[in-house]
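One structure below.
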Amino acid sequence: MDKIKGLKRTDYCGALRLSDREKEVTLFGWAQRRRDLGNLLFIDMRDRTGIVQISFNDKTDRKVFEKAQSVRSEYVLAVRGIVRERESKNFAISTGEIEVEATELRIISKAQTPPFEISKANEVSEETALKYRYLNLRNEKITQNIIMRHKIAKIAREYFYENGFIEIETPMMIKSTPEGARDYVVPSRIHNGKFYALPQSPQIYKQLLMVAGFDRYIQLARCFRDEDLRADRQPEFTQIDLEMSFVDTSDIMEMAEGFIKRLMRETLGIEIESPVPRMTFAQAMNSYGSDKPDTRFAMLINDISEWAAKTDFPVFKSALESGGSVKAIVAENAAGEYTRKKIDKLTEYVKGIGAKGLAYIRWADDAPSCSFAKFLKDGELETLLEKLNAKKGDCIFIVSDKTNLALSVMGALRLSVAKTLGIIPENKWNYVWITEMPFFEYDEESGNWLAMHHPFTMPLEECLPYLDTDKSKVRAEAFDLVLNGTELSSGSMRITDCELQNKMFELLGMEQEEIDAKFGFLVEAYKYASPPHGGMGIGLDRLAMLICKADSLRDVTAFPKVQNASELMSGAPSDIDNIQLGELGIAISAKEDN
């Protein structure tokens with residue numbers, strides 16, 4: 001502390017402006033770069049708010065000047081000086097119209113040469129960046145991402161507090177209950193041989209809070225799921241979790257829309273139109289081939305099964321005869337980009353995601369080139385082109401298969417083609433609600449109907465008769481919020497009838513003994529009367545990733561995990577000693593070599 005004795009920060013580096021000229025300031029921060037021009041010396045000094053230029057000249061005290069000459073990259077500094085207007089302005093940075101003419105300089109802490117230049121942290125390997133995450137976090141872009149995440153959390157709390165929500169913390173060590181993904185488990189030393197689970201979500205607890213009478217609950221909840229990772233997934237994440245009583249789906253969606261409108265306005269200065277468009281799951285799949293559609297561009301999926309049935313193309317006929325369908329997209333002005341060689345690569349791509357092949361029409365010249373032309377009768381190609389409103393310069397891509405597979409393949413193909421053509425607007429923010437999701441999905445391997453949602457989701461009332469007769473017709477009173485093709489949240493109305501809840505567990509293949517063991521306390525609670533309620537969880541991490549235009553959740557998470565769920569900086573997970581294992585009653589079995 002002696003090194004900063006007598007000094008108190010007056011300002012942050014990145015906050016200074018031309019309006020502060022001639023003001024005496026005291027700054028603390030890190031040296032990013034030093035430029036020594038003989039009688040002139042400049043240090044770019046950085047803190048969490050940005051960079052400011054510190055200047056030293058022939059009027060500077062010689063001892064101060066000589067100390068400045070000894071400064072190296074990432075030294076921690078304290079500077080006192082006068083804000084001056086710069087002669088040579090730099091409008092690339094927010095403080096580029098001013099500099100601080102130093103009158104006092106203290107070196108608080110010296111740094112050895114860092115493993116990479118902080119300003120160029122994005123150029124080093126991810127492994128190196130994450131190993132030295134504390135240095136990587138000094139990079140201005142990553143710093144601002146973390147600050148933006150903080151702003152989102154702050155706005156969320158303020159908005160929901162203002163709307164009568166109560167923030168309540170739910171337990172981090174809970175009973176293990178099936179919710180879709182694997183649990184992370186915590187062994188109990190006191191209850192030897194038993195385990196807690198880390199919550200995949202606060203789902204059951206927030207429903208019990210509704211039973212308890214806390215009609216508006218909010219929590220920035222930490223959630224844990226032991227599943228394979230990807231760019232938009234981490235094993236631990238935060239969701240803006242809410243639950244409301246005496247409401248319907250529209251009330252919950254309108255409350256969430258109010259938050260989204262305020263968030264976009266206060267973070268990006270963007271006004272989001274309301275109400276946010278709503279689209280049923282069926283509409284999303286049929287038009288976009290995805291339950292999280294990117295609606296920023298068109299290129300919708302067309303069903304050409306009726307036309308295809310009249311052709312002699314065996315591939316189409318085979319798909320249709322087995323109850324499938326034929327789907328097509330029109331890529332406008334794509335014929336120049338998609339040469340035959342690139343279409344061959346596209347064919348390999350769709351085969352890699354489950355398709356048997358890819359039919360196409362490429363209209364580059366006066367006469368369209370069709371990959372299945374020999375199976376068409378006179379006029380059939382022209383009929384299809386007219387039906388699809390295709391024109392010279394376009395490409396048409398066609399997949400025929402089981403309907404669900406054809407749609408999912410076309411959805412992925414649509415995105416791939418759009419990215420190649422560069423037609424996805426970057427500065428467009430398209431939110432959309434997806435509603436009326438199927439309650440069950442059929443698993444062909446097991447021959448069973450599986451739940452698409454957690455078991456507390458309420459089926460639509462008109463679908464209740466189908467629970468015992470036709471599960472394919474049961475739709476959920478559930479809704480997802482999607483932004484630019486990324487799912488931000490899932491929500492639903494909840495089952496509050498103890499008999500119906502018990503029946504749902506049975507439909508999911510659970511015996512009464514298992515129901516009582518895993519969910520008995522919830523079913524019991526409903527016997528004491530529950531208000532109608534529902535809620536949702538909005539992914540704070542994904543929201544931050546999209547607002548920051550980051551490539552990965554790792555870019556908006558302070559200390560993230562990599563794909564194998566390890567944390568490179570600290571080396572977690574790690575071994576624990578035999579004493580701890582013994583206290584927990586755990587023995588580690590040796591892995592056999594393959």
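Side-chain atoms are counted along with the backbone in the values below, which use heavy atoms only and exclude waters and symmetry mates.
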Is the closest basic N to carboxylate O distance between [X] and [Y] below 4.0 Å?
X: R84; Y: E22; answer: yes
X: D44; Y: R35; answer: yes
X: R182; Y: E227; answer: no
X: E257; Y: K261; answer: no
X: E126; Y: R554; answer: yes
X: K23; Y: D11; answer: yes

E348: partners by salt bridge (Lys or Arg N to Asp or Glu O under 4.0 Å), with sequence neighbours left out:
none
Cation-pi check, R414 to Y288: give yes when NZ or CZ is under 6.0 Å from the six-membered ring centre and within 45° of the ring axis, no otherwise.
no
Restricting to side chain to side chain contact (heavy atoms under 4.5 Å, CB included), what partner residues turn up for A68, sequence neighbours left out?
L41, I43, F56, L105
N564: partners by side-chain hydrogen bond (donor to acceptor under 3.5 Å, both in side chains), with sequence neighbours left out:
S566
Checking ring pair (Phe, Tyr, Trp, His ring centres under 6.0 Å) against F259, which of Y161, F165, F160 comes through?
F160
Verdict with supporting geometry, E97 and R17, salt bridge (charged side-chain N to carboxylate O under 4.0 Å, His left out)
CA-CA 7 Å; E97 292 184 276; R17 296 294 185 270; over 6 Å; no
Do side-chain atoms of D541 reach the backbone of V556 as a donor and acceptor pair under 3.5 angstrom?
no
